[in-house]
Structure formats: C-alpha cells, structure tokens
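Numbering of residues begins at 1 and proceeds along the displayed sequence. Everything quoted here is computed from the prediction, not taken from an experiment. What's counted below: heavy atoms across the whole structure, side chains too, no hydrogens, waters or symmetry copies. Atoms within a ligand are numbered from 1 in the order they appear, just like the ligands themselves.
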Amino acid sequence: MERDVIIACDFESKEKTLAFLDKFTDCKPFVKIGMELFYAEGPSIVKEIKARGHKIFLDLKLHDIPNTVKKAMAVLSKLDVDMTNLHASGTKEMMKAALEGLTRPDGTRPLLIAVTQLTSTNQESMEKDLLIKEDIADVVMHYASNAKEVGLDGVVCSPLEAQKVHDKCGKSFVTVTPGVRFADGDKGDQKRVMTPSEARKIGSDFIVVGRPITQASDPVEAYKRCCREFIGE
Ligand code: C5P
C-alpha cells in the first residue's frame with residue numbers, strides 16, 4: 001500500500017471546503033469527507049471534489065443491520081470514493097454484507113476500513129456503558145482480526161496501535177491513523193499524538209491530518225511538510 005497523507009476536511013459547508021481546496025494549485029491531496037460536511041451538502045459534494053481530481057475517504061462509519069448496510073454501501077460505491085468505513089462492532093456478518101454491497105458489477109470497490117473502538121471510548125466507558133469487560137487493547141485487536149478475517153482492507157487506529165495491528169493482521173492490512181501533529185505544533189484535543197515521521201517509522205499506511213493543515217497560516221506548505229515527513233517527498 002502506498003503511504004499517503006489524507007486531509008480531514010472538517011468544514012461545515014461546500015463554500016468553505018472548496019475555498020480551502022482552491023489553495024492547492026499544483027497538487028491534489030487525498031481528502032476525508034466526514035458526517036458534518038456530507039450531511040450538510042449531500043452526495044453532490046463528493047461528486048464535485050472527485051471531479052476536481054481528489055481521492056476521497058468518505059468517513060460515515062456505517063453501523064446497522066447487515067441488509068441495510070449492504071444497500072447503503074451499494075449507493076456509496078456509485079459515488080466513486082476511494083475509501084469508506086464502518087464500525088467493526090456491527091459484527092462480521094455486517095462487515096461481509098458491506099463488502100458485498102460495496103463491490104461494483106465489474107468487481108472493483110473502494111477500500112473498506114473498520115473502526116475498532118473509537119478513541120473517545122475508554123476502558124471505563126466500555127465496561128460501564130457497553131458491558132464489555134475485556135481489556136480495551138484486546139478488544140481493538142479482536143475487532144481488527146474480525147475485519148481481516150472477512151476480507152476488509154484495514155482499520156482506523158491510533159498511530160500507537162498501528163504496529164500491533166500489522167504484527168497481528170499482516171503488513172498489507174491497511175492502518176489509517178489520525179492523531180498526527182507536527183513536533184512544534186499545538187496538540188489541540190488530541191491526547192495521544194505522533195509526528196508524521198514517527199507515524200512513518202511505526203508503519204502507518206495513511207495519516208489523517210485535520211487542523212495542523214486546515215488551520216495553518218499556509219495550509220499548502222503545511223500539507224507539503226506533512227508529505228515530506230511522512231512519505232519523504
Ligand atoms: O484536526 P485533527 O487532525 O485532530 O483531525 C483528525 C480527524 O480524524 C478528525 O476528522 C477526527 O474526527 C478524525 N478521527 C480522530 N480520531 C479517531 C477517529 C477519527 O481524530 N479515533
């Protein structure tokens with residue numbers, strides 16, 4: 001898998017997103033579209049950004065009964081995104097149905113990535129709210145194994161988990177890691193962070209970077225710095 005930097009376009013409107021992307025005149029970054037922008041603007045925002053030549057990670061984290069997820073994924077596959085995701089906690093049956101729905105008639109499909117446990121969930125909330133008594137690190141690895149077993153392409157995980165995921169699920173099982181900050185940057189609300197070069201050393205395949213690029217005084221330079229440190233270009 002080729003390493004790449006994915007910019008989290010966490011903007012509330014099409015105007016703000018396109019104004020941001022307009023700054024990139026000599027490159028076409030891989031972008032992540034999340035729930036906020038997708039629910040505000042609908043599928044047309046995906047088509048418009050795709051038509052501009054960007055790769056897209058559509059981060060909608062599906063979780064429902066298998067049949068519903070399968071049908072929703074079939075709709076998403078027509079949007080021609082490059083990567084999308086779901087919750088591994090929806091079970092192996094749901095993940096299998098998602099893969100079926102996402103696969104186009106010609107056999108191609110976007111990469112399908114699983115969320116294991118959200119980083120906003122901790123051991124205490126998992127035990128008290130979800131009644132899961134296992135160690136959270138074991139739960140994350142178990143969900144990653146389930147995703148691998150049914151044929152998904154990888155998981156979203158903290159950079160600190162990427163190495164373990166590769167050890168357990170193989171090098172070609174993709175790790176997509178948020179929580180990336182420049183060594184001299186502001187951590188914001190991310191608690192456990194890594195620099196782009198550290199993320200490269202531990203074997204992340206894709207880093208998802210939002211505010212260090214979107215809020216930078218020169219976003220294009222911040223993106224290029226990220227690429228230099230993570231990909232080496
Ligand atoms: O601005 P920042 O670089 O923190 O943005 C990171 C992006 O990755 C956001 O879109 C955030 O929702 C997402 N994300 C995360 N942690 C996770 C999963 C997704 O920060 N565990």
Hey, any chance Met73 and Ile33 share a hydrophobic cluster, counting ILVMFWY side chains that come within less than 4.5 Å of each other, even indirectly?
yes
Would you say that Pro110 contacts Met83 through its side chain, given a criterion of any heavy-atom pair below 4.5 Å between the two side chains?
no
Hits for side-chain contact (heavy atoms from CB on, under 4.5 Å) against Lys61, two or more places apart or cross-chain, chain-then-number order -> Met35, Asp59, Asn85, His87, Val115, Leu118
Residues with a heavy atom under 4.0 Å from ligand 1, by chain and number, are Ala8, Asp10, Lys32, Thr119, Pro178, Arg181, Gln190, Val208, Val209, Gly210, Arg211, Pro212
All side-chain contact (heavy atoms from CB on, under 4.5 Å) counterparts of Arg200, not counting sequence neighbours
Arg3, Phe230
Result block: side-chain N/O donor-acceptor pairs under 3.5 angstrom for residues 17-24, not counting sequence neighbours:
{"residue": "Thr17", "atom": "OG1", "partner": "Ser13", "partner atom": "O", "Å": "2.7"}
{"residue": "Asp22", "atom": "OD1", "partner": "Arg52", "partner atom": "NH1", "Å": "2.9"}
{"residue": "Asp22", "atom": "OD1", "partner": "Arg52", "partner atom": "NH2", "Å": "3.3"}

Donor-acceptor under 3.5 Å (Asp205 side chain, Thr175 main chain):
yes
